[in-house]
Structure formats: structure tokens, C-alpha cells
Amino acid sequence: MSKIFLITRPQHEYRVSYLHAWSKEILDFATERNINFSDFNEKEPTRANVEKYLKKRKPEFVIFNGHGHEDSTAILGHNDEVLIEAGKNTMLLKDTIVYARACFSSTVLGKDVITNGGKSYIGYSGPFSWVHSADRECNPFKDKIAEPFKRISNEIPLSILRGHTTLEAHERARELCLELLQEFSSTGNEDLDKVIRFWLFVDMNIQEHLGDPNATF
């Protein structure tokens, strides 16, 4: 049976709408290369749907887009319903690579995934954040200010889909962040650049890799 990955893309409010929009690049990449995937879109990322899918299909790679709990115990889906919760259902991610584009997810939940047999987990130990234009909240595709944050966070799943190890994907995203920090030191908009650099630096330092560094999709 060919490999498959699952991606969750809720879209119930503007912040997760950015993650929803950014994920199109990942899906386009997979489609162009005939990589099998299941896209749980908009209202589909519910606990029942995710648990049923993980039990039946056992995907090798899962990409979660959504909010996380500040206590780092859960990843949320549509209307902030809990999808995966530490101590509850992380065993469903056994033998799976996970990338969670969600705040606070790595410290407790990520470690629980690995404890329960997950291969690798890449997530964030704090609030994954980005700078955006208030004029583009209804159309994240056109928000150029948020572009560097899309590039860095997409580098992780794209690298994994290209065949890189999870640790390589983690490091490639961090290297790209360093390049962008340099780039946004000289664009000519000092006030905006300063804010972008601050949040790029924060995201880089809370990005965390757990588990097998040599795991591949």
C-alpha cells in the first residue's frame, strides 16, 4: 500500500484561515508529485473524524493546522474541538510523523505522542505567531506581510514530503528563518521589519523537534 498523509485545515476564524490558505502550497506540491493525502477541510476536522481515520488508514505523516491549548495538552480542529489530547488518544499516532502548526503543542502533547510510539513530532513550545495585514484578514493568499511566516512553516512539511528526515526538515526551516532575518534587516521599512524580525526569531526559538531524528515519510 502506498504511503499517505493526513492534513487538517479548519477555517472557522481568521487566524486558522491563514493556516488553511498556507496549506494549499503543500497540497499542490503533493498533487504534482502524486503523493497520496487526505484533506480534512473546514468543518471536517472533528475528533470523531480524525480518530476514525487514524484507526483505519494509519497515515505515515499527519499535519495538524489549528489552535493549541496553552497548557500544551491538545491540538484543536473545527470550532476549536479537541482532536488529539495528551493521555487520551495520542496512541493513535503510533509510528507516525507529526507536524503541528499549533501553539504550545510540543511541550506536553508532543512528548506524549513520542512516549506512545510516535516516530517524530515537530511543533511549537510557545505561541506560534506571525505578522499580518489587517486589510488582508479575509484573503490570506494576498497577505504579503505574512509571507515569510508561511515560507518557514511550510518548509517543514514540504521538506518531509521531499524525503528529508524530520530533523533535516526542522533544521531547514530554522536555516530559512536565519536567511529571512537577514533579509528583513534591509528592506527599507524599519518599523515593520523590526516587528517581523521579532516574531520570526520567536517562532524559530520555540520550534521543537522530538523523537527519531532520522524518521522519513
Legend entry - Ring centroid separation H132 to Y14 under 6.0 Å: yes
Legend entry - Under 3.5 Å side-chain donor-acceptor pair for H170 and Q207: yes
Inset, instruction - Please step through salt bridge (Lys or Arg N to Asp or Glu O under 4.0 Å) for the pair E155 and R172, ending with a clear verdict. - result: CA-CA 7 Å; E155 181 63 34; R172 285 168 66 91; 3.2 Å; yes
Legend entry - Pair Y99 and Y121, ring centroids less than 6.0 Å apart: no
Inset, instruction - Group every Ile, Leu, Val, Met, Phe, Trp and Tyr by side-chain heavy-atom contacts under 4.5 Å, then state whether I122 and V202 land in the same group. - result: yes
Inset, instruction - Consider only side-chain N and O atoms of D143 and S133, and report whether a donor and an acceptor are under 3.5 Å apart. - result: no
Inset, instruction - Return the minimal non-hydrogen interatomic distance between A215 and S120, and the atom names on each side. - result: CB-OG, 3.4 Å
Legend entry - Electrostatic pair R9-D39, nearest N-O below 4.0 angstrom: yes
Inset, instruction - For the residue pair F5 and F61, categorise the inter-ring angle as parallel (less than 30°), tilted (30 to 60°) or perpendicular (more than 60°). - result: tilted
Inset, instruction - Please check if W130 and I152 belong to a single hydrophobic cluster, counting links between Ile, Leu, Val, Met, Phe, Trp and Tyr side chain heavy atoms closer than 4.5 Å. - result: yes
Legend entry - N-O pairing of E171 and R174 below 4.0 Å: no
Inset, instruction - State the CZ-OG distance between F141 and S17, to the nearest 0.5 angstrom. - result: 10.0 Å
Inset, instruction - State, yes or no, whether a side-chain contact exists between L210 and K111 at a heavy-atom distance under 4.5 Å. - result: yes
Legend entry - No-hydrogen, no-angle side-chain donor-acceptor test under 3.5 Å, S2 and N36: yes
Inset, instruction - Could you tell me whether a side-chain N or O of N154 sits under 3.5 Å from a main-chain N or O of W22, the two making a donor and an acceptor? - result: yes
Inset, instruction - Determine yes or no for a side-chain-to-main-chain donor-acceptor pair under 3.5 angstrom, with E44 supplying the side chain and N41 the backbone. - result: yes
Inset, instruction - Indicate if I75 and I97 have the same hydrophobic cluster label, given that clusters are the connected sets of ILVMFWY residues with side-chain heavy-atom separations under 4.5 angstrom. - result: no
Legend entry - Reference residue L109; test side-chain contact (heavy atoms from CB on, under 4.5 Å); the match among D71, I84, T73: I84
Inset, instruction - Measure from the side-chain N and O atoms of T90 to the backbone N and O of A86, and report whether any donor-acceptor pair falls under 3.5 Å. - result: no
Inset, instruction - Treating Ile, Leu, Val, Met, Phe, Trp and Tyr as nodes and any side-chain heavy-atom pair under 4.5 angstrom as an edge, say whether V82 and V108 lie in one connected cluster. - result: no
Inset, instruction - To the nearest 0.5 Å, tell me how far K24 NZ sits from I7 CD1. - result: 12.0 Å
Legend entry - D212: side chain to side chain donor-acceptor pair (under 3.5 Å) partners, not counting sequence neighbours: none
Legend entry - Heavy-atom check, side chain of E51 versus side chain of N89, under 4.5 Å: yes
Legend entry - Under 3.5 Å: donor-acceptor pair, side chain of T8, backbone of N65: yes
Inset, instruction - Kindly determine whether Y124 and S129 satisfy side-chain contact (heavy atoms from CB on, under 4.5 Å), including the steps that lead there. - result: CA-CA 10 Å; Y124 302 91; S129 305; over 6 Å; no
Inset, instruction - Kindly state whether the ring of F149 and the ring of W199 have centres lying under 6.0 angstrom apart. - result: no
Inset, instruction - Answer with yes or no whether the side chains of E13 and H67 bring together a donor and an acceptor at under 3.5 Å. - result: yes
Legend entry - Side-chain heavy atoms of I26 within contact of L161, under 4.5 Å: yes
Inset, instruction - Report yes if some heavy atom in the side chain of L54 is under 4.5 Å from a heavy atom in the side chain of L6; otherwise report no. - result: yes
Inset, instruction - With rounding to the nearest 0.5 Å, note down the distance linking CE in M91 to NZ in K94. - result: 12.0 Å
Inset, instruction - Check whether any side-chain heavy atom of F64 sits under 4.5 Å from a side-chain heavy atom of V98, and report yes or no. - result: yes
Inset, instruction - May I ask whether V113 and L83 are part of the same hydrophobic cluster, defined by side-chain heavy atoms of I, L, V, M, F, W, Y residues being less than 4.5 angstrom apart, directly or through others? - result: yes
Inset, instruction - Would you kindly say whether N49 and T46 are connected by a side-chain donor-acceptor distance under 3.5 Å? - result: yes
Legend entry - Interatomic distance, C177 atom SG to Q182 atom CD [nearest 0.5 angstrom]: 12.0 Å
Inset, instruction - List the atom of A173, the atom of I156, and the distance in Å for their closest heavy-atom pair. - result: CB-CG1, 3.6 Å
Legend entry - Non-hydrogen side-chain atoms of F217 and S159 separated by less than 4.5 Å: no
Inset, instruction - Without swapping roles, check the side chain of T96 against the backbone of E60 for a donor-acceptor pair under 3.5 Å. - result: no
Inset, instruction - Rounded to the nearest 0.5 Å, what's the gap from OH on Y18 to CG on N139? Could you check? - result: 8.5 Å
Inset, instruction - Please answer whether the main-chain N or O of G87 pairs with a side-chain N or O of D112 as donor and acceptor at a distance below 3.5 Å. - result: yes
Legend entry - Any donor-acceptor pair under 3.5 Å from H12 side chain to N79 backbone: yes
Legend entry - T165 side chain to N214 side chain, donor-acceptor N/O pair below 3.5 angstrom: no
Inset, instruction - Kindly give the heavy-atom pair with the smallest separation between T216 and G163, and that separation in Å. - result: CG2-O, 3.9 Å
Legend entry - R197 side chain near S185 side chain, heavy-atom distance below 4.5 Å: yes
Inset, instruction - Search all heavy atoms of A21 against all heavy atoms of P140 and return the closest pair with its distance. - result: CB-CB, 3.8 Å
Legend entry - Donor-acceptor side-chain pairing of H209 and T166 below 3.5 angstrom: yes
Inset, instruction - For residues R33 and R162, determine if any side-chain heavy atom of one lies less than 4.5 Å from a side-chain heavy atom of the other. - result: no
Legend entry - Worked check of side-chain contact (heavy atoms from CB on, under 4.5 Å) between S125 and F104: CA-CA 5 Å; S125 60; F104 302 105; over 6 Å; no
Legend entry - Shortest non-hydrogen separation from P10 to P45 and the atoms involved: N-CG, 3.8 Å
Inset, instruction - Mind checking the CD1-CG spacing from I196 to D191? Nearest 0.5 Å is all I need. - result: 11.0 Å
Inset, instruction - Please assess Y53 against S38 for the test side chain to side chain donor-acceptor pair (under 3.5 Å), listing each intermediate value before the final yes or no. - result: CA-CA 9 Å; Y53 184 89; S38 293; 2.8 Å; yes
Inset, instruction - Mind listing the closest non-hydrogen atom pair of L19 and R101 along with its distance? - result: CD1-O, 3.5 Å
Legend entry - Step-by-step side-chain contact (heavy atoms from CB on, under 4.5 Å) determination, V16 to H78: CA-CA 9 Å; V16 294; H78 177 63; over 6 Å; no
